[in-house]
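Report on the following structure.
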Amino acid sequence: MNENAILDEALLALKNNTDIESGKTNAINKNGNELHYDFALTLKQRDAIQHYHVLIKQRPSLVQLALLIDNDKEDIVNDTTTRNDGAKTLLVADYVDTKASEFLKNHQCHFIDSVGNAYLNFGSVFVYITGNKAPKKPAESKPSRAFQSTGLKLIFNLLCHPDDILNRSYRDLSEICGVSLGSIGWIINDLKAAGYLSLTENDQRKWADRNGLIQRWVVAYAEKLRPKLLLGYYKSLQRDWYKTVDPKSFSASWGGEVAADHLTHYLKSEFSTIYTDESLGKLVLLNGLKEVPEKSTANVEVLQKFWHFDNPKTPDLVPPLLVYADLIASGDSRNMETANIIYREFLDDHH
DNA sequence: AGCATGAGGTGATCAAAATG
DNA sequence: CATTTTGATCACCTCATGCT
């Protein structure tokens, strides 16, 4: 199902469920570096009218939505030229599940999907439909090796090293990343096919869309790799316990909020994320951490370190890309602003 | 729960290309 | 030319998922 088909079906579903009419849709090409609005359209019911810029997504995940909402907020502030008609952003998807619906409604983000779920709120119009079942044809999923757990490891290494690592041999990459030789080819070719990587005239590999890959990586990391890395949730008794800890002595590094605090001095961290290689038992024991089953009752999470290079400038911290990813993955809107600061300062065209 | 299935991941092995 | 290095490919393994 392509983007046009999703839009058509979603508008049809809306028409069947409500008496809202959709005005003409115009394709617009706004090549902003962050967001890309595909269409402009108008919805109206009697005298209530609302202009929209349309953003089309397939099966958006919660992480994607959090990112989208945050970027959109900034975008509206920065974009006075095309927004002066009071246009809002309308998310159009093939399917938005109940959790995502609730999330979108809470953030005042209007959406419609192809099975009739919707949240709209303008003028006298208020529509909130949720719970409609996913379309049975689970939207052609082209499984890409690049964004599975091994692919994400390789990409992380590629993004964190100087760009000349791109042209190391598959065997070198396999060694550096701890990914099997057989996987490297699949992943590299996936990245080329998806337009993130290209070849120069003399067959050197080079980035074609590095920033786009970062965005894609962050989302896939939160969904595919991060859950597998979780070693446990813990509760520490003293507040600010982490300030006296030297993570190096546990072959560990800070991620998430603690690292963000170090990098930006902008965020006061309340939840600690720590990536460790092996000394989990020692770490837990010496710091008086108590294991708890749920994230909600924890204030520390311990994750398995999945890379093998050092971070020379700030050895106590994980690389900025991962700090950024941790903040995004937390889903905490409080962290999004800090995440953007880190992106701009450490990740955006920083090579 | 137990079972079957298949996608994802691995390392050995291949032929082509590079090296000298 | 012989040798080494490279990317591609293969059979096999594992583990998550879905079904009964």
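Convention: sequence-line order gives letters A, B, ...; per-chain numbering from 1. This one's a predicted model, so the numbers in the text were calculated from it and none came from an experiment.
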| field | Under-4.0 Å side-chain N/O to phosphate OP1/OP2 contact, Ser183(A) with dG8(B) | value | no
| task | Answer with yes or no after comparing the ring centroid distance for Tyr275(A) and Trp254(A) against a 6.0 Å cut-off, counting only values under it. | result | no
| request: Check whether any side-chain N or O of Arg168(A) sits under 4.0 Å from OP1 or OP2 of dG7(C), and answer yes or no. | output: no
| message | Between P on dT6(C) and CZ on Arg171(A), what's the gap in Å once rounded to a whole number? | response | 7 Å
| task | Could you tell me whether Asp332(A) and Arg334(A) make a salt bridge, using a distance below 4.0 angstrom between a side-chain N and a carboxylate O? | result | yes
| task | Report yes if at least one side-chain N or O of Ser180(A) is closer than 4.0 Å to OP1 or OP2 of dG9(B); otherwise report no. | result | no
| task | Send over the distance from Asn202(A) CG to dA18(B) P, rounded to a whole Å. | result | 12 Å
| said: Over all strands shown, is Ser169(A) touching base, sugar-phosphate only, or nothing at heavy-atom distances under 4.0 angstrom? | reply: sugar-phosphate
| task | Between Lys153(A) and Leu181(A), just flag the one whose closest nucleotide in DNA chain B comes earlier from the 5' side. | result | Lys153(A)
| request: Mark yes or no: Arg210(A) above the aromatic ring of Tyr196(A), with NZ or CZ under 6.0 Å from the six-membered ring centre and no more than 45 degrees from the axis. | output: no
| Length of the line joining Lys224(A):NZ and dT17(C):P, which is rounded to integer Å | 10 Å
| query | Rounded to the Å, how far apart are Phe147(A) CZ and dG9(B) C1'? | reply | 17 Å
| Separation of atom NZ in Lys192(A) from atom C1' in dG7(C), rounded to whole Å | 9 Å
Pair up each side-chain donor or acceptor in residues 314-325 of chain A with any protein partner under 3.5 Å, not counting sequence neighbours, and list the distances.
residue   : atom : partner   : partner atom : Å
Thr314(A) : OG1  : Asn311(A) : ND2          : 3.2
Asp316(A) : OD1  : Lys248(A) : NZ           : 3.0
Tyr324(A) : OH   : Gln215(A) : NE2          : 3.4

| remark: note: Ile188(A), atom CD1; dT6(C), atom P; distance rounded to Å ~ 14 Å
| Nearest-angstrom distance from the residue atom CG of Asp203(A) to C1' of dA17(B) | 12 Å
| note | Between CH2 of Trp186(A) and P of dT9(C) the distance, given in whole Å, is 8 Å
